[in-house]
Amino acid sequence: MDYVNLGRSGLLVSPLSLGTMNFGPRTTEEDSFAIMDRAHELGLNFFDTANVYGGQKGAGITENILGRWFAQGGGRREKTVIATKVYGDMGDWPNERRLSALNIRRACDASLKRMQTDYIDIYQAHHVDRDTPFEEFWEAMEVLRQQGKIIYVGSSNFAGWHIAKAQETAARRNFTGLISEQSHYNLLTRAPELEVLPACEDYGLGVIPWSPLAGGLLGGVLRKIDKGRSAADNMVKQLELHRDKIEQWEKFCDELNEDPANVALAWLLKQRAVAAPIIGPRTMEQLEGSLRALEIDLDEAALARIDEIFPGHRTAPEDYAW
C-alpha cells in the first residue's frame, strides 16, 4: 500500500478510505468486524464514520460497532486513523446538533465513549453551520486539541468560500486549521471543480470524496438494475436521467476490461487535491474488489474520453468568464 499525506499534514493515510455508514443499518456487526479486519490486512488504515450513522437503528449505532471492534485489542485502534463527524441531530433538544461550542464539546465526548477510545484522529464538521461563527468553532476545536481529545480537524460539505473563511480565521488564531474536506464529488457531480478543489489545493486540504460512485450509478448499474439497491425506484429514476451517459460509460469500461466502479475510483485518484475516496462496502467482496482501483492507471487518452462522457469544469471564474 502506497500511503499518502492527508493534505499538507504529516498524517499518512491509505488512498482509499473505508466508509462505515452501512455498518449496523445494512451490514451486521459480525460482518462489519470481518470487513474491518480484512481492511487492515489489505493495508487500509483510514476509516470514516459519523456520530449520526445508524439509520433506522438509531444515531450512534455505527460508532458503537467501531468501539466494540476497537475493544478487541490486537492493535486495531492504533493501526486505524479514525475520522468521525459532528453536526447532525443526536436528540430532540436544541443544543444536540450543529456546531455550537456546547454541542461540539458534548458530541466529542459522546463519540469518544461510543468508540471506546481516548482520542479522535480527525474530527470533521459534517456540514457548514451558518449560525455559528468560525471564531466559536475554532475555539471549541482548540480546547479539544489541548485536552488531547482530537488531533486534526476536517470539514465536510463546505463551499470554497467557507474553506477560505475557516482557514483565514484559524490563521488569525495561530491554529492549524482544516487538513481535509469531505466533498460530494464524482463523475456525475463535478461542481467541486469550480471552487472547492482549487480552495483545497491552495490551502493544503486533502479532498476525501464521498459517494464516489454516485449512489451506484457509476458502478455498473445497467448490469445490476434488476437486483438489490439498483432496482430501487429512486435509482431507476436517476438512471433514466443519465442513461445516455451511463451507457457510454459502461461501454468505455468494457473496452478497458475493467469494472466501472473501479474506473470511477481510479479517475478520482487522478484529480487535483484528492487524497482518498471513501468506499462503503456492504460485503467483503465489495471491499476486496475496490482495491483494483489502485492498480488502474488511466492515461491521457482515457481521461480525455471520460471528460467527453462526463464534462467537467475549469476553475472559476474562467469556467464561465474570460
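In this view, F137 satisfies the ring pair (Phe, Tyr, Trp, His ring centres under 6.0 Å) rule with no residue, not counting sequence neighbours. Partners of D244 according to the side chain to side chain contact (heavy atoms under 4.5 Å, CB included) rule, which considers only residues two or more places apart in sequence or in another chain, are Q248. Residues forming a side chain to side chain donor-acceptor pair (under 3.5 Å) with Q56 (at least two apart in sequence, or on another chain): none. For D31, there are no salt bridge (Lys or Arg N to Asp or Glu O under 4.0 Å) partners, not counting sequence neighbours. Y123 pairs by the ring pair (Phe, Tyr, Trp, His ring centres under 6.0 Å) definition with nothing, not counting sequence neighbours. Residues meeting the ring pair (Phe, Tyr, Trp, His ring centres under 6.0 Å) test with H40, sequence neighbours left out: F47, W69. Taking the ring pair (Phe, Tyr, Trp, His ring centres under 6.0 Å) definition, one finds that F175 meets it with W138, sequence neighbours left out.
Between R98 and D131 a salt bridge is recorded (basic side-chain N to carboxylate O distance below 4.0 Å).
Other members of a hydrophobic cluster containing V143 are absent, since no ILVMFWY side chain comes under 4.5 Å of it, directly or through relayed contacts. In the hydrophobic clustering, Y152 connects to V4, L6, L11, V13, F46, V81, Y119, I122, I151, I179, I208, W210, I278, either directly or through intervening members, whenever side-chain heavy atoms lie under 4.5 Å apart.
Listed by first and then second residue, the salt bridge (charged side-chain N to carboxylate O under 4.0 Å, His left out) pairs involving residues 63-75 are E29-R68, E63-R114 (not counting sequence neighbours). The stretch residues 80-91 participates, sequence neighbours left out, in these salt bridge (charged side-chain N to carboxylate O under 4.0 Å, His left out) pairs: D48-K85, D89-R97. Counting only residues at least two apart or in different chains, salt bridge (charged side-chain N to carboxylate O under 4.0 Å, His left out) contacts with residues 195-215 comprise E201-R272.
Closest approach of S32 to G24, counting heavy atoms only: OG-N, 4.3 Å. Here the closest heavy-atom approach between residue A166 and residue L178 is recorded as CB-CD1, 3.9 Å.
Figure legend: R76 and F70 shown without cation-pi pairing, the cationic atom not lying both under 6.0 angstrom from the six-membered ring centre and within 45 degrees of its axis.
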